[in-house]
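Report on the structure given below.
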Amino acid sequence: MSTPDLKARSPWSQLNELQSVKISPKPHQPIDGDIRIPGSKSFTNRALILAALAKGTSTLSGILRSDDSYWCIDSLNKLGIETEIEGDVVTVQGCDADWPNAQADLYIGAAGTTARFLPGALAVAKNGNWVVEASKRMSERPVEPLIQALTDLGANIDYLEQEGFFPIRITGEGLKGGAVSISGKLSSQFISGLLLASPYAENEVTITIPDTIVQHEYVRITLGLMEQFGVTVKASEDLNQLVVPQGAYQGQALSLEADASTASYFFALAALTNGRIRITNLTADTNQPDIHMLEVYEQMGCCVVKGEDYIELTGTDRLIGGFDISMKEMSDQTLTLAALAAFASGPITMRDVEHIRHHESDRISAICTELRKLDIEVEEFQDGLTVYPGTPRATTLNSYDDHRVAMSLALIGTAVPGIVIQDPGCVSKTCPTYFELLQQLGISVELNM
């Protein structure tokens, strides 16, 4: 069983002492509710880095108050950036790419976005010396493609322990710019990290992706936010060539979107329980790739209504299975679909997600192991899995200290009495209120502290 990395949990987490959670279905009545969900992790940390680099003041409303956001803001504060937080609104005093604290030791927890966005943001400075340390699991996740690309542009970055992994030291010597190539196969965040830093290079930067991008839409989110902060990137249609002009970000007042990835767990809840969920602060008009799970839920027999300021999903008596799907562009929802597949009318095969083996856990291995504990037949292969429908039994499951594993397995408990998940506090990484929201919707949630 995995041991939770409590150091990576932030003071914003209320779940650090949570040992296990027991999830059981709502008795008698179907799920029927309207809810608001937290802000987007993807938008929050991109906007925070942009606001910190910018000239002037930015006000960001609708931020996600989670572990990932906390460690990003904490790092910015240690770099001398002044922030003021009130509820889900943060005001950021930008430094115009000249970090006030030229020397600092930074800890970024398990925040993958900060791990990929901060190195370039520091490397653009003309002076400074910073050490960036990450959580145990984040330090096992490769960062070499990004660091190599930044180094090719003139950055001075050293590995302090293992080559290609955190911790790292960044010495501020600026970026020269020019042409650079970076793979998009492992993580689109590497491309986003390179993009965010590039306007501050001495010369225009041309980024070429020689292979494929695992999730194009997250790169488009980065490009859209950069444009809102005053820098427009010239991008090819397939995003395999990106030309970043010299420029500087200007402080902005922005309202950030709700998190489509988090929303999908609640749509899945309605799908699984033949209930109804309306999310009142998200629309289908978003670049967040996980919004395309709506099409999968429709394929499985659910009814989706896309309103001007809401999305509503109504479930079905029996989820339709018997299909094969590429989850490449919405890979964070692979585990969500795997949980639903156990209740479908036929097997569901999910492919093209080998990269999720390198996330907070080896997610393919983790979900296959836990589904088998439930007596669900699973076939695992290198880039995905096939889940065969069955009758899950009550048992105790492991979260692997991975928020997406914990939230997906909790869905099974909404249909099967007596599912216990160990070390579920990891949900604070992206949705600290997850179990609270389930309780509000009538699901039986027993927290064991």
Side-chain angles (χ1 to χ4, degrees), residues 45-46 48-50 52-53 68 71-72 75-76 78-79 97 99 102-203 205-215 218-219 222 226 242 244 355 357-360:
N45 280 355
R46 282 168 173 79
L48 285 169
I49 297 291
L50 285 161
L53 282 170
D68 278 16
W71 292 121
C72 186
S75 292
L76 296 178
K78 287 175 179 172
L79 290 164
W99 301 100
Q103 191 161 347
D105 291 337
L106 309 174
Y107 177 74
I108 58 171
T113 46
T114 306
R116 279 66 178 268
F117 302 161
L118 192 58
L122 294 175
V124 302
K126 296 297 190 290
N127 61 75
N129 190 300
W130 304 281
V131 171
V132 184
E133 179 191 358
S135 71
K136 182 179 182 296
R137 176 59 182 172
M138 192 65 231
S139 299
E140 296 169 351
R141 298 172 66 181
V143 74
E144 191 273 337
L146 171 65
I147 302 306
Q148 184 59 57
L150 289 169
T151 302
D152 290 345
L153 291 176
N156 185 343
I157 303 176
D158 298 305
Y159 298 110
L160 297 182
E161 292 180 12
Q162 186 178 354
E163 192 84 6
F165 299 87
F166 283 97
I168 59 174
R169 174 182 283 110
I170 301 166
T171 304
E173 294 181 0
L175 299 181
K176 294 180 175 60
V180 66
S181 176
I182 186 169
S183 170
K185 286 195 301 185
L186 195 59
S187 174
S188 64
Q189 290 175 1
F190 293 151
I191 301 166
S192 290
L194 202 54
L195 282 167
L196 292 170
S198 290
Y200 293 93
E202 293 172 17
N203 299 291
V205 174
T206 300
I207 302 168
T208 300
I209 291 86
D211 40 34
T212 183
I213 301 174
V214 289
Q215 290 175 300
Y218 284 120
V219 177
T222 302
M226 287 174 68
L242 305 151
V244 188
H355 60 283
R357 290 187 179 276
H358 306 285
H359 283 201
E360 282 81 348

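Both backbone and side-chain heavy atoms feed into the values below; hydrogens, waters and symmetry mates do not.
- Among residues at least two apart or in separate chains, side-chain hydrogen bond (donor to acceptor under 3.5 Å, both in side chains) pairs with a member in residues 102-113 are Asn45-Thr113.
- Partners of Gln189 under the side-chain hydrogen bond (donor to acceptor under 3.5 Å, both in side chains) rule, at least two apart in sequence or in another chain, are Arg116.
- Residues passing the side chain to side chain contact (heavy atoms under 4.5 Å, CB included) test with Asn156 are Asp158, Thr171, Glu173, sequence neighbours excluded.
- Side-chain contact between Ile209 and Val219: absent, with no pair of heavy atoms (C-beta onward) separated by less than 4.5 Å.
- Scanning all heavy atoms of the two residues, the minimum distance from Pro210 to Thr208 falls at CD-O, 3.5 Å.
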For this session: Quick one: do Leu194 and Leu153 satisfy side chain to side chain contact (heavy atoms under 4.5 Å, CB included)? Show the steps, please.
Result: CA-CA 10 Å; Leu194 202 54; Leu153 291 176; 3.8 Å; yes
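- Note that CG of Leu122 is 8.5 Å distant from CD1 of Ile157, once rounded to the nearest 0.5 Å.
- Checked against salt bridge (charged side-chain N to carboxylate O under 4.0 Å, His left out), Lys78 has the following partners two or more places apart in sequence or in another chain: Asp74.
- When every heavy atom of Val124 is checked against every heavy atom of Ala197, the shortest pair comes out as CG1-O, 3.4 Å.
- Every residue two or more places apart in sequence or in another chain that forms a side chain to side chain contact (heavy atoms under 4.5 Å, CB included) with Thr222 is listed here: Arg46, Ser192, Leu195, Leu196, Met226.
- Atom CG of Leu118 and atom CD1 of Ile49 lie 5.0 Å apart (nearest 0.5 Å).
- Annotation: side-chain hydrogen bond (donor to acceptor under 3.5 Å, both in side chains) contacts involving residues 177-187, sequence neighbours excluded, comprise Ser183-Asp211.
- Nearest approach of Ser198 to Ile207, heavy atoms of both residues: OG-CD1, 4.1 Å.
- Qualifying side chain to side chain contact (heavy atoms under 4.5 Å, CB included) partners for Ala123, counting only residues two or more places apart in sequence or in other chains: Ala155, Ile170, Leu175.
- Scored by the side-chain hydrogen bond (donor to acceptor under 3.5 Å, both in side chains) test, Thr212 finds Lys328 as partners (sequence neighbours excluded).
- Considering all non-hydrogen atoms of both residues, Ile108 and Ser75 come closest at CG2-OG, 3.7 Å.
- Closest heavy-atom contact between Ala121 and Trp99: O-NE1, 3.0 Å.
- In this structure Gln162 satisfies the side-chain hydrogen bond (donor to acceptor under 3.5 Å, both in side chains) test with no other residue, sequence neighbours excluded.
- Residues satisfying the salt bridge (charged side-chain N to carboxylate O under 4.0 Å, His left out) criterion with Arg169, sequence neighbours excluded, are absent altogether.
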Exercise. Could you walk me through whether Leu106 and Thr114 pass the side chain to side chain contact (heavy atoms under 4.5 Å, CB included) check?
Worked result: CA-CA 11 Å; Leu106 309 174; Thr114 306; over 6 Å; no
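- The structure places OH of Tyr218 at 14.0 Å from CD1 of Ile191, a figure rounded to the nearest 0.5 Å.
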Exercise. Is there a side chain to side chain contact (heavy atoms under 4.5 Å, CB included) between Val180 and Leu150 once you walk through the steps?
Worked result: CA-CA 8 Å; Val180 66; Leu150 289 169; over 6 Å; no
Expected list for residues 138-148: side-chain donor-acceptor pairs under 3.5 angstrom, two or more places apart:
{"unit_1": "Ser139", "atom_1": "OG", "unit_2": "Ala134", "atom_2": "O", "d": "3.4"}
{"unit_1": "Ser139", "atom_1": "OG", "unit_2": "Ser135", "atom_2": "O", "d": "2.8"}
{"unit_1": "Glu140", "atom_1": "OE1", "unit_2": "Arg137", "atom_2": "NH1", "d": "3.3"}
{"unit_1": "Glu140", "atom_1": "OE2", "unit_2": "Lys136", "atom_2": "NZ", "d": "3.0"}
{"unit_1": "Arg141", "atom_1": "NE", "unit_2": "His358", "atom_2": "O", "d": "2.9"}
{"unit_1": "Gln148", "atom_1": "NE2", "unit_2": "Asp152", "atom_2": "OD1", "d": "2.8"}

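- Annotation: ring pair (Phe, Tyr, Trp, His ring centres under 6.0 Å) contacts involving residues 145-201, sequence neighbours excluded, comprise Tyr200-Tyr249.
- Of all non-hydrogen atoms in Ala125 and Trp130, the two that sit nearest each other are CB-CH2, 3.8 Å.
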